[in-house]
There are 2 protein chains.
Amino acid sequence: MTSPKRTTIYDVAREAGVAASTVSRTLRNPRRVNAATREHVLAVAERLGYRPSPLATALQSGRTATVAMLVPDITNPHFFGTIRGAERRASAAGITFILSDTEESADNELTKIEHLARSVDGFILAASRMSDERILELAEEHNLALVNREVRGLPSAVVDTSVGSRQIVEHLASLGHRSLVYLSGPHQSWLAGERWDSLRDGAERHGIRAVRLGPFPPRLVGGGAAADAVLVTGATAVVAHNDLLAIGVLRRLAERGVDVPRRISVVGYDDIFGADFCVPSLTTLAGPQDQAGRAAVELLLENRSRSTARTPDRRVMLPSHLVIRESTGQAPE
Amino acid sequence: MTSPKRTTIYDVAREAGVAASTVSRTLRNPRRVNAATREHVLAVAERLGYRPSPLATALQSGRTATVAMLVPDITNPHFFGTIRGAERRASAAGITFILSDTEESADNELTKIEHLARSVDGFILAASRMSDERILELAEEHNLALVNREVRGLPSAVVDTSVGSRQIVEHLASLGHRSLVYLSGPHQSWLAGERWDSLRDGAERHGIRAVRLGPFPPRLVGGGAAADAVLVTGATAVVAHNDLLAIGVLRRLAERGVDVPRRISVVGYDDIFGADFCVPSLTTLAGPQDQAGRAAVELLLENRSRSTARTPDRRVMLPSHLVIRESTGQAPE
DNA sequence: CTCGCGATGGCAAGCGATTGCCAAAAGTTG
DNA sequence: CAACTTTTGGCAATCGCTTGCCATCGCGAG
């Protein structure tokens with residue numbers, strides 16, 4: 001790699017016989033310069049293969065045309081959709097997309113935000129593990145958009161799981177189940193709380209007994225312990241915090257020779273890759289995670305420039321739907 | 001979000017009673033400044049909560065402490081490992097990680113590189129779809145590291161699939177198979193070429209007939225057409241370009257009532273998430289993709305600063321290994 | 001024919017660091 | 001103690017672009 005001194009705005013200016021400011025305006029604020037000059041400058045810029053330096057632009061203007069997305073665990077398929085959606089949207093808007101894994105740690109989130117603060121226009125916090133207070137505090141200084149998390153007054157995009165959770169309960173109720181176990185995710189997970197609340201709520205309404213176990217790590221490996229715990233309760237239906245956990249449970253149950261769904265029904269959340277081809281295939285609450293990612297980027301974009309003004313409460317709620325597969329069935333006698 | 005005018009190096013300088021340059025040196029080149037002053041400056045910086053502006057630093061110094069990774073398809077599980085490995089390594093080195101999806105298009109790769117050129121120290125091209133010539137050309141101007149792709153003279157990290165491919169053939173041969181079909185991936189894919197070469201090579205050595213079909217889109221949906229095509233050939237073993245395709249094939253075969261592995265054996269590449277719990281579980285060539293990602297970042301880091309000097313041929317080769325599961329078995333009579 | 005005003009382009013001051021060069025201070029050496 | 005060498009800190013230029021402010025110009029109005 002050689003550094004052939006990229007052409008700058010000054011090169012273009014000299015070549016076009018105008019001032020640098022004119023070149024700058026031609027690019028950022030075209031109507032501020034006469035059509036004829038503009039054409040000329042553009043032509044010269046094109047000929048010289050001019051590319052603006054995002055750094056210089058950002059340094060001067062304060063706009064970086066970059067967003068960062070913080071994710072608790074990149075490898076969790078649950079986030080793939082969100083990541084993709086956000087990346088696509090950012091890319092479409094010509095915005096650079098920074099991805100950062102916070103390894104399920106609130107402290108890491110803080111550190112990373114601090115670190116990136118000056119390099120980005122805003123942050124997308126996906127399933128943030130931080131407390132509401134902390135998030136609100138950060139929102140004072142940074143432009144934030146939340147995904148699958150709600151905090152009073154902050155823009156957020158969430159896939160609605162309360163309605164969906166009730167659907168799950170109804171589905172189970174209709175199959176004759178009288179009790180269910182919820183396998184909870186990380187206890188800092190807002191989502192986990194939401195889901196439990198709706199499940200319990202729905203269960204109550206249907207006269208179903210609901211128990212919460214956990215927290216379990218929301219990964220395949222979490223399924224082992226979770227499955228065993230479930231068996232002890234004697235419940236006929238399990239709702240896992242996510243598909244990963246659910247699939248883990250399925251595997252463990254298979255190992256132990258427990259028939260799903262004959263003896264126990266299993267439900268997950270997210271409809272991740274693989275949920276349709278595991279055995280038995282998984283009944284799960286699917287949601288447009290990619291749209292949540294995309295929406296988050298949009299919220300961020302709306303929001304920038306606005307510096308002191310608190311954004312009017314912008315929250316996007318996306319509908320989820322229950323995908324019924326083989327892992328749920330009639331409750332046993 | 002408010003903009004409380006972040007504290008700058010000048011604020012620290014004033015407060016500490018030294019020149020800005022001293023502050024700068026304290027941070028970048030501590031031994032250049034007296035221990036006493038250094039301590040003092042650090043204390044003041046700490047007290048004021050000073051955070052350097054990456055933008056300003058980059059603009060002046062040319063080092064951005066950022067790398068970008070270009071991936072043909074973010075949603076393809078094959079890349080998850082690579083992405084994770086690269087992100088982790090970058091993060092550990094305090095380097096910002098930009099992720100960009102090129103949607104399987106060589107032109108997109110070019111555009112994105114052009115776009116990000118000034119904002120990053122280098123690019124990681126994962127399974128690039130560009131031609132060797134194009135890549136070499138780009139390497140003149142940019143700092144590149146390749147993943148799962150080799151181009152003369154450029155640093156690269158690849159999971160060795162030639163040895164692995166031969167293992168696959170041996171495995172199949174030992175099961176009595178006399179013919180195999182390779183389901184090829186995108187034809188711009190270097191990997192696809194490599195794999196086919198090694199397979200054919202191995203097949204020849206074992207007196208096995210090998211046929212290549214395709215290209216097929218390396219996704220689940222590609223499996224439908226692929227499976228049908230395979231059945232026509234009457235081969236008893238299929239090696240798919242990747243697990244996604246392989247799983248797609250499994251599904252289609254199941255639909256058509258073809259018994260795997262009784263009637264046909266299926267092998268994939270990558271050992272992606274799900275390969276172990278699809279049915280039948282998939283025999284596949286696993287490789288440390290995350291290490292490839294991590295290695296690529298390291299190659300990039302070694303390489304920066306060096307501007308004109310061409311890097312000594314640095315290539316990392318990672319071993320793969322065959323994971324035998326249920327999708328392969330004795331060849332039928 | 002003069003005045004006022006909008007359109008247009010240039011000047012120059014930043015944005016927040018880094019770094020070459022220089023001078024003063026401190027340390028070495030014979 | 002003189003003559004040097006090292007250390008240490010400051011000055012000022014620079015990276016590439018944006019933008020407030022000012023000067024000029026052309027033109028329609030009075």
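In the text below, chain A, chain B and the rest are named by the order of the sequence lines, each starting its count at 1.
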Show the atom names and distances, to 0.1 Å, of all donor-acceptor pairs under 3.5 Å that link a side chain in residues 37-45 of chain B to residues at least two apart or in another chain.
| residue | atom | partner | partner atom | Å |
| --- | --- | --- | --- | --- |
| B:T37 | OG1 | B:N34 | O | 3.1 |
| B:R38 | NE | B:P30 | O | 3.3 |
| B:R38 | NH2 | B:V33 | O | 3.3 |

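- Residues from residues 38-47 of chain A lying near DNA chain D, meaning a heavy-atom separation below 4.0 Å, are absent.
- In terms of the ring pair (Phe, Tyr, Trp, His ring centres under 6.0 Å) criterion, residue partners of A:F80 (sequence neighbours excluded) are, by chain and number, B:F80.
- Contact record, A:M69 with A:A126: CE-CB, 3.9 Å, taken as the closest heavy-atom pair.
- The pair A:R88-B:D101 meets the salt-bridge criterion, since a charged nitrogen lies less than 4.0 angstrom from a carboxylate oxygen.
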Please list every donor-acceptor pair under 3.5 Å in which a side-chain atom of residues 51-61 of chain A meets a protein atom from a residue at least two apart or in another chain.
| residue | atom | partner | partner atom | Å |
| --- | --- | --- | --- | --- |
| A:S53 | OG | A:L55 | N | 3.4 |
| A:S53 | OG | A:A56 | N | 3.1 |
| A:T57 | OG1 | A:S53 | O | 3.0 |
| A:S61 | OG | A:T57 | O | 2.7 |
| A:S61 | OG | A:R63 | N | 3.2 |

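- For D:dT7, neither phosphate oxygen OP1 nor OP2 lies less than 4.0 angstrom from any side-chain nitrogen or oxygen of B:N34.
- In this structure, A:V297 and A:A86 approach most closely via the heavy-atom pair CG2-O, 3.6 Å.
- Comment: A:R6 engages B:E114 in a salt bridge, judged by a side-chain N to carboxylate O separation of less than 4.0 angstrom.
- If A:A35 and B:L59 are placed on DNA chain C by their nearest nucleotide, the residue sitting closer to the 5' end is A:A35.
- Side-chain nitrogen and oxygen atoms of A:T8 include none within less than 4.0 Å of the OP1 or OP2 phosphate oxygen of D:dC15.
- Here D:dC15 presents its P atom at 12 Å from CZ of B:R118, a figure rounded to the nearest Å.
- When the local axes at the two ends of the helix from C:dC1-D:dG30 to C:dG30-D:dC1 are compared, using 5 base pairs at each end, they differ in direction by 40° after rounding to 10°.
- Using a 4.0 Å cut-off between charged nitrogen and carboxylate oxygen, A:R129 and A:E109 do not count as a salt-bridge pair.
- Atom P of nucleotide D:dT6 and atom CZ of B:R31 are separated by 15 Å, given to the nearest angstrom.
- Note that CD1 of B:I113 is 11.0 Å distant from CG of B:N108, once rounded to the nearest 0.5 Å.
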| task | Show your reasoning for whether side-chain contact (heavy atoms from CB on, under 4.5 Å) applies to A:R134 and A:L136. | result | CA-CA 5 Å; A:R134 181 96 127 229; A:L136 278 169; over 6 Å; no
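- Under a 4.0 Å N-O distance rule, the pair B:D290/B:R89 does not qualify as a salt bridge.
- For the pair B:N29 CG and D:dG9 P, the computed distance is 12 Å after rounding to whole Å.
- The nearest whole Å value for the distance from the CG atom in A:L48 to the P atom in D:dG16 is 14 Å.
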Taking N or O atoms only and anything under 3.5 Å, show me the protein contacts with nucleotides 18-21 of chain C, one pair per line.
| residue | atom | partner | partner atom | Å |
| --- | --- | --- | --- | --- |
| C:dT18 | OP1 | B:R28 | NE | 2.1 |
| C:dT18 | OP1 | B:R28 | NH2 | 3.2 |
| C:dT18 | OP2 | B:S24 | OG | 2.3 |
| C:dT18 | O2 | B:Q60 | NE2 | 3.2 |
| C:dT19 | OP1 | B:R63 | NH2 | 2.9 |
| C:dG20 | O6 | B:R25 | NH2 | 2.7 |

